[in-house]
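What follows is a set of notes on a single structure, which appears directly below.
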Amino acid sequence: MPSPDPNPSTASAREDEQEPLLSRTPPPELDDHTQPTAIAWVRHKARQAAGPATTLLGVCLATACLAIGFYILYILYHLPAMLGALRGSEPRVEAVSLIDMTDDAVLFAADVEFPDWGHRAAQIPHLNSTIHHRGRMVGWLYASNLEITPQQKRLSLCEIFHIVDPEAMARLLSEAASSRRVTVDARARVSLSGFGKYLPTTSVHRELDIVLPPLPAINATIRDFVGPIADTLRGGVTAQATVKLELPALVSANVSPVLIDISYHSIVIAVAEVGPVAVYSSGVGDVPLKVNLKQIADSVHEAALADIIAKVSTGEVFELVASGAGPQSYSTAPRWLRWALYNSEFAIRSDLLKLTHDFALPVQDMVKDLVVDKLYAYWSAEDSYKPWAGISARATIDIPNYSAANATFEIESLVPNLRLMDDEDQLPFAIVDTPSIPVELKQMAPLQFVVSCDYDRLGLRVVPGRELQFTRAMRRALADRHVALGVNGSLDIAMATSIGKIHISALPVGAYFDWKFDASPAVETAANPSAEVSVSRIHVADTTRDLISLEIGVNVNNPFTYGAFISDLALMVKYSGLHIVTIGVKELSLSQGANDVTLYVDFHNYPNDPRQRMLFLEASSGKNVTVEIAGFPNCTSIQPLETSLREFVHRTTINTDPSSGPRMVTGSLPQVLREVVFRIFAMSAEATIVNPVSGADVWLQVIEAIGYYKHDIPLGMLEYDFTSDGPKGLRLPFDRAVSTPRMPIVANETSIGWDVLRRAIGGTLDVDVFTNIQMQVGNAPLNFTVMGRNAPVKVRL
């Protein structure tokens, strides 16, 4: 039991404090018979002291309430400024810079703009903020002396975010990266003294649901590319380059190197080492990149690579998935960043990264040493819509090795399945036969290949009902010299590479060709060896005044591996608009080696047209002869070819000079003029002539000739009319030597001519002879002019 208070006045005061403050009614006097005398005295003294204490307590309470009221009014006075700051506090990040990262801190800088800030200034002396994620504290940030004014609405921050829980930090980043959305709990202690000197420090607690914007398109330029190189350390092949990035934002960063696994359909196909990343404040930076394409592990891995190749070849958009490699496999980046990347996945669309290069290689510059071992074409009237060809060829493809590549890449088998498409309705009109032997691509050295094919019979089958489209394509190619068609189909490919073998079935291919050829190429082809063509016989089948029908046997020694068969074909030849000849073949079969070919020639005779004489003169003088080769109705029984050649006109220039150098075709005509003897004392000449033409009588009627020495020194002139010896002239029987009468010559009166003749007595003299000849072949009169070059003339006394 507590002891009583020895001070009665104090005890009386404590009793009085337990009563209501507003009670002032004195208590009733105690009777001496009801209470002891000491207690009564104490109570009396307490009541006397209670009056002043109650008054003092009331004054204190009133003062406190007044102070609180004034402080509330002080807060209310500054409340508009704080509310205005809140309304204008929607920030806009103008630039971000990631300066450095460690295991427990991130140093960053940022420019934050408040575009809607009002007319009042705001100062925050101290800001201490913490970030929580899923109930765990990630880290904290302290900032001081933050000030925004109407004149300066931008904050330039350079702060350190201290990481408290690296595991929580990794989880926060991986969730933000994978889902593009994250919820964090932000807590801050903010000093409000910047709005008013005596405003308190307050706590702010807010849950933020942050939605990240989609990744923008990144422009990247690859520079300093090296590889692919066979990687003996990690296996597979490795390529490295420097990637110049152009980000569509003011972002700068310095990030340590990281390892990224690149997957396709959950199959890791490559590992990329990215960094160190150095992006400058303009959003432009350089990123060193090494990509190791992994060795093919199994059939699933092979199928994934084959699918990627198929999508790349057709331009189809596909996605790769990038995620961090195992955190224990490298240590160049902070631990929380390695774990965050490992637990994150980034979809990389093939159309998101835009790559450019600084060089382009024309295909014609890469193909070297094209060798055609065999080329044979077959087209028969019985199979008008089923032509076929056999080809065996090889070529070297030499790609400049700017990147020091040494990886292996070979095509062991390439089998095409192709269709030709009409350019108007884009429907197939012909199908290319599938070859029995595939194309091969062998690697001889880095980026140097030999491609070869050996097709024994590669046919072209017209789709039933599409004969008109096939004919139209043929006519355009032959008559208009314009190839316009599409190629559609697939390829079956088997490749051997440094990472293993890859089989691709039914790889879609599609292309459109639009080629126009020169309308008048010159035929001046140099080749070694040359095809030798000689005329074995000339037979006249029929003659009229205007037409001589000939059958010409030709021996063709074909050293090339080119050949052809065609059931029948005829073309007409025009000179200066004059239809000179029509040349045709029947059952033409031409192969390598010796061939006997019969040409069916209709010579259209124009005895009085100077163009006919000019044609013979240009051809015999070794000049370039320009002719037109044209088709005509019923020129062949192959229906689509006949339709195509109706409008075919090909203008070409033929070099007839035998001394102009090697050429693809060399030929010889039967020797008609066997010998020419010039007798000085008799001033006459006689010639020995052999007629190679059978089937019709040939009569020599008139000859006019002028001889030139060294092309321009006149020696003499000869004129002789053989009809004076007989009504039809001098008859030239088939394949028999006939000597002409001695024909008088009018010699040149200059001393130069006689001096030349005297020195040539007993020998020969090479003379150019300009000759006009009139003949009769069967029923056809012929008039033509020729120039005999370097004709050997025997000079006798």
Side-chain angles (χ1 to χ4, degrees), residues 305-318 350-351 354-357 359-368 370 372 375 377 385 387-389 391 393-399 409-435 437-441 447 449-455 458-463 466 468-495 502-518 640 644:
L305 292 177
D307 195 40
I308 291 175
I309 295 173
K311 286 182 168 58
V312 169
S313 65
T314 58
E316 184 179 348
V317 176
F318 62 94
S350 59
D351 60 341
K354 301 177 181 178
L355 304 180
T356 60
H357 52 79
F359 60 90
L361 298 175
V363 175
Q364 61 269 22
D365 293 341
M366 294 187 292
V367 178
K368 314 286 186 182
L370 176 61
V372 179
L375 179 60
Y385 293 98
W388 58 265
I391 180 172
R394 63 186 183 277
T396 300
I397 300 176
D398 194 355
I399 304 174
F409 177 82
E410 292 186 346
I411 295 180
E412 297 180 337
S413 171
L414 187 150
V415 179
N417 300 278
L418 303 177
R419 299 181 298 271
L420 302 184
M421 314 291 290
D422 184 68
D423 66 314
E424 294 185 1
D425 57 17
Q426 294 300 308
L427 294 175
F429 64 81
I431 300 173
V432 181
D433 287 342
T434 302
I437 301 177
V439 176
E440 294 181 348
L441 182 77
L447 297 186
F449 309 92
V450 172
V451 58
S452 61
C453 66
D454 189 3
Y455 297 152
L458 188 64
L460 189 67
R461 294 176 288 112
V462 178
V463 176
R466 303 285 291 174
L468 178 61
Q469 286 73 20
F470 175 77
T471 302
R472 182 172 59 197
M474 290 295 302
R475 187 205 61 79
R476 179 183 295 164
L478 294 175
D480 301 338
R481 281 169 287 276
H482 182 196
V483 175
L485 53 83
V487 177
N488 190 295
S490 63
L491 302 175
D492 295 334
I493 306 176
M495 297 183 294
I502 305 175
H503 294 80
I504 306 175
S505 299
L507 176 67
V509 294
Y512 180 77
F513 299 96
D514 193 342
W515 295 331
K516 291 185 178 180
F517 303 98
D518 186 5
S644 304

Self-check item: Trace of the side-chain contact (heavy atoms from CB on, under 4.5 Å) decision for Tyr455 with Val439
Solution: CA-CA 9 Å; Tyr455 297 152; Val439 176; 2.9 Å; yes
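- When all heavy atoms are compared, the tightest approach of Val463 to Ala430 is CG2-N, 3.8 Å.
- Side-chain atoms of Arg466 come within 3.5 Å of backbone N or O of Pro428 as a donor-acceptor pair.
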Practice problem: In sequence, state the C-alpha distance, the side-chain angles, and the governing distance for Arg394 and Asp454, and then conclude on salt bridge (charged side-chain N to carboxylate O under 4.0 Å, His left out). | Solution: CA-CA 9 Å; Arg394 63 186 183 277; Asp454 189 3; over 6 Å; no
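- Between Leu460 and Leu420 there is a side-chain heavy-atom pair separated by less than 4.5 Å.
- Of all heavy-atom pairs spanning Val415 and Pro435, the tightest one is CG1-O, 4.3 Å.
- The distance from the CG atom of Asp514 to the NE2 atom of His482 is 3.5 Å, given to the nearest 0.5 Å.
- In this pair, Phe470 and Phe429 present their aromatic rings tilted. The plane angle is within the 30 to 60° band.
- Residues Ala310 and Leu507 approach most closely at CA-CD1, 3.2 Å, considering heavy atoms.
- Taking the side chain as every heavy atom from C-beta outward, Ile399 and Phe449 approach each other to under 4.5 Å.
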Quiz prompt | Derivation of the side-chain contact (heavy atoms from CB on, under 4.5 Å) call for Asp422 and Arg472 | solution = CA-CA 9 Å; Asp422 184 68; Arg472 182 172 59 197; 2.7 Å; yes
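- Side-chain N/O atoms of Asp492 and His503 include no donor and acceptor closer than 3.5 Å.
- From Glu412, atom CD reaches atom CD of Glu410 across 7.0 Å, with rounding to the nearest 0.5 Å.
- With values rounded to the nearest 0.5 angstrom, Glu440 atom CD is found 10.5 Å from Cys453 atom SG.
- When all heavy atoms of Pro640 and Thr471 are compared, the closest pair comes out as CB-OG1, 3.5 Å.
- For the pair Leu485 and Tyr512, the tightest heavy-atom approach, listed with the atom from each and the gap, is O-CD1, 3.5 Å.
- For Asp433 against Leu458, the heavy-atom pair with the smallest separation is O-CD1, 3.0 Å.
- For Thr434, the side chain to side chain donor-acceptor pair (under 3.5 Å) partners are Asn417, not counting sequence neighbours.
- Between the CZ atom of Arg419 and the CG atom of Asn488 there is a distance of 4.5 Å, given to the nearest 0.5 Å.
- Rounding to the nearest 0.5 angstrom, the gap separating the CD1 atom in Ile504 from the CD1 atom in Ile308 is 10.5 Å.
- Using a 4.5 Å heavy-atom cutoff, the side chains of Phe318 and Asp307 are not in contact.
- For the pair Leu414/Leu441, no side-chain contact is recorded, criterion being any heavy-atom separation below 4.5 Å from C-beta on.
- Expressed to the nearest 0.5 Å, how far CE of Met495 lies from CG of Leu305 amounts to 8.5 Å.
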